[in-house]
Amino acid sequence: QAQLVESGGGPVEDGGSLRLSCAGSGRTIGNYAMGWFRQAPGKERLFVAAISSGGAVTYYADAVKGRFTVSRDNAENTVYLHMNNLKPEDTAVYYCAAKFGIRPYDQEDQFHLWGQGTPVTVSS
């Protein structure tokens, strides 16, 4: 059974950096576009970033553009979210998800496979 497992979350100070990983198991994720979403406490889950199956096309939410970078290593069956200059408002549980085709890239109901999430806490 295909699974996605996120890791790399944790506490970080304002202005710090983290790299989240999303590893696929049970099936190669190389055929899927991959997305990152986040859910802050008491709020809805929101789109963060997406990357096409080959890695050539990426999209970002305005709130993270210029600070976050999504990348993938299909040989390692892993997708990454590099987060720099983190702010307290980035505090959330971060989820990776898989879908066929890159568009639409920001609608969570289009993603059919989800990880369990990894929490990120940014302190001021």
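The structure displayed is predicted, hence computed values, not measured ones. The chain is numbered in sequence order, starting from 1. Heavy atoms only: backbone and side chains are in, while hydrogens, waters and symmetry mates are out.
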Tell me whether [X] at atom [atom1] has more than 12 heavy atoms from other residues, nucleotides or ligands lying less than 6.0 Å away.
X	atom1	result
Gln116	CD	yes
Glu89	CD	yes
Arg67	CZ	yes

For the atom pair [atom1] ([X]) and [atom2] ([Y]), what is the distance rounded to the nearest 0.5 Å?
X	Y	atom1	atom2	result
Lys99	Asp109	NZ	CG	10.0 Å
Met34	Ser52	CE	OG	12.0 Å
Gln39	Glu44	CD	CD	8.5 Å
Gln1	Arg27	CD	CZ	9.5 Å

Kindly write out the residues that satisfy side-chain hydrogen bond (donor to acceptor under 3.5 Å, both in side chains) with Asp106, not counting sequence neighbours, or none if the list is empty.
none

What pairs of residues pass the ring pair (Phe, Tyr, Trp, His ring centres under 6.0 Å) test when at least one of them lies in residues 12-41, not counting sequence neighbours?
Tyr32-Phe100, Tyr32-His112, Phe37-Phe47, Phe37-Phe111, Phe37-Trp114

Hey, quick one: are Ile102 and Leu4 part of the same hydrophobic cluster, counting side-chain heavy atoms closer than 4.5 Å, chains of contacts allowed?
no

Hydrophobic cluster membership, with links at side-chain heavy-atom distances under 4.5 Å among I/L/V/M/F/W/Y: are Phe68 and Tyr105 in one?
no

May I have the list of side-chain donor-acceptor pairs in residues 79-86 shorter than 3.5 Å, sequence neighbours left out?
from  : atom 1 : to    : atom 2 : distance (Å)
His82 : NE2    : Ser71 : OG     : 3.0
Asn84 : OD1    : Ser17 : OG     : 2.9

Examine distances only and state if a side-chain atom of [X] and a backbone atom of [Y] form a donor-acceptor pair shorter than 3.5 Å.
X	Y	answer
Asp73	Thr78	no
Thr58	Ile51	no
Arg72	Ser53	yes

Over all atoms of both residues, closest heavy-atom pair of [X] and [Y]:
X	Y	answer
Tyr95	Gly115	CD2-O, 3.7 Å
Pro104	Gln110	CG-CG, 3.5 Å
Ala33	Gly101	CB-O, 3.5 Å
Val70	Ala50	CG1-O, 3.6 Å
Val48	Val64	O-CG2, 3.5 Å

Side chain proximity check, Tyr94 to Glu6, heavy atoms < 4.5 angstrom
no

Does a side-chain heavy-atom distance below 4.5 Å link Val120 with Asp90?
no

Between Asp62 and Lys65, is there a salt bridge with N-O shorter than 4.0 Å?
yes

